[in-house]
Amino acid sequence: MPRIRTAGVIATTSALAMALSGCSVLTAFEPHVDSAIWDTAKEMKASGTAVFGSPTFVPDDATVIRVDYDTQDGSAIMTYTSKAHLVPGVCKSEVDVPKPTIQDSWWPIDGLPAKAAGCPGNWSAFAIGDQVWAAKAPHK
């Protein structure tokens with residue numbers, strides 16, 4: 001009997017070691033995405049937003065601000081609620097609606113407008129009602 005138990009322990013330990021090493025290999029291929037959420041624009045602007053591109057287009061009345069950002073390629077997605085939508089005069093061009101590389105359950109998939117506002121820092125933003133979504137393209 002002791003040999004059967006020893007063989008079982010060795011088999012279990014080997015399987016566990018392979019599983020753990022497999023996890024670490026897979027982790028190396030997953031995107032390095034962090035996220036943050038703030039209740040108000042004031043809170044967001046007081047924090048370290050440079051890590052995801054300091055979005056200067058977010059108006060002071062913005063609330064429930066969520067952002068996901070990739071720490072390796074610089075891409076990001078953001079959403080917030082605002083009656084103002086964007087700071088006036090900051091986003092000066094019209095661009096195609098972004099197709100972000102980062103995905104999250106809160107990013108819309110239906111009912112998107114034809115165009116978005118092109119904003120500083122390679123951001124593009126659009127609104128549906130008083131909900132605003134923005135995406136930042138990866139570094140080139």
Side-chain angles (χ1 to χ4, degrees):
M1 282 258 199
R3 288 184 180 210
I4 294 174
R5 288 185 187 165
T6 303
V9 169
I10 291 171
T12 302
T13 304
S14 296
L16 181 60
M18 288 179 66
L20 290 175
S21 68
C23 287
S24 64
V25 170
L26 288 176
T27 302
F29 294 103
E30 291 178 3
H32 298 274
V33 177
D34 286 335
S35 61
I37 188 167
W38 300 272
D39 290 329
T40 66
K42 182 178 180 179
E43 289 175 5
M44 183 199 77
K45 291 173 183 180
S47 68
T49 60
V51 70
F52 60 87
S54 299
T56 58
F57 56 87
V58 178
D60 290 340
D61 75 333
T63 58
V64 190
I65 304 156
R66 299 177 66 124
V67 65
D68 292 349
Y69 57 97
D70 189 311
T71 59
Q72 288 188 336
D73 73 8
S75 63
I77 57 174
M78 173 185 284
T79 188
Y80 57 88
T81 304
S82 167
K83 296 235 182 255
H85 297 171
L86 303 168
V87 172
V90 172
C91 302
K92 298 183 179 190
S93 64
E94 189 175 79
V95 297
D96 290 332
V97 169
K99 293 180 177 119
T101 56
I102 298 173
Q103 296 296 313
D104 203 329
S105 61
W106 47 260
W107 187 264
I109 54 173
D110 294 322
L112 303 177
K115 294 289 182 179
C119 303
N122 210 19
W123 283 92
S124 52
F126 62 93
I128 301 173
D130 286 337
Q131 192 67 31
V132 178
W133 288 273
K136 183 175 182 277
H139 301 298
K140 293 183 180 182

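These numbers come from the heavy atoms of this one structure, side chains and all, not from hydrogens, waters or symmetry mates. Remember, predicted model here, so these are calculated numbers, not experimental data.
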Between the side chain of Trp123 and the main-chain N/O of Ser54, is any donor-acceptor distance below 3.5 Å? no
* Are Tyr80 and Ile102 connected in a single hydrophobic cluster, I mean Ile/Leu/Val/Met/Phe/Trp/Tyr linked by side-chain heavy atoms less than 4.5 Å apart? -> no
All heavy atoms of Trp107 vs all of Met78, minimum pair found to be CZ3-O, 4.0 Å
* Asked: Honestly curious: do Val58 and Val51 fall in one hydrophobic cluster under the side-chain, below-4.5 Å linking rule?
  -> yes
* Val90 reachable from Met44 in the ILVMFWY side-chain graph, under 4.5 Å edges -> yes
Shortest non-hydrogen pair, Asn122 vs Pro138, comes out as ND2-O, 4.3 Å
In terms of side-chain heavy atoms, does Ser82 have a donor or acceptor partner in Asp61 at a distance below 3.5 Å?
-> yes
Between Val132 and Thr79 the two heavy atoms that sit nearest each other are O-OG1, 2.9 Å
Audit row: Thr101, Asp73, side-chain contact (heavy atoms from CB on, under 4.5 Å) steps and yes/no: CA-CA 10 Å; Thr101 56; Asp73 73 8; 4.3 Å; yes
- Transitive ILVMFWY side-chain link Leu112 to Ile77, under 4.5 Å: yes
On a heavy-atom basis, the closest approach of Pro55 and Phe52 is CD-CE1, 3.6 Å
Shortest non-hydrogen pair, Cys91 vs Leu86, comes out as SG-CD1, 4.1 Å
Of all heavy-atom pairs linking Val67 and Ala76, the shortest is CG2-CB, 4.4 Å
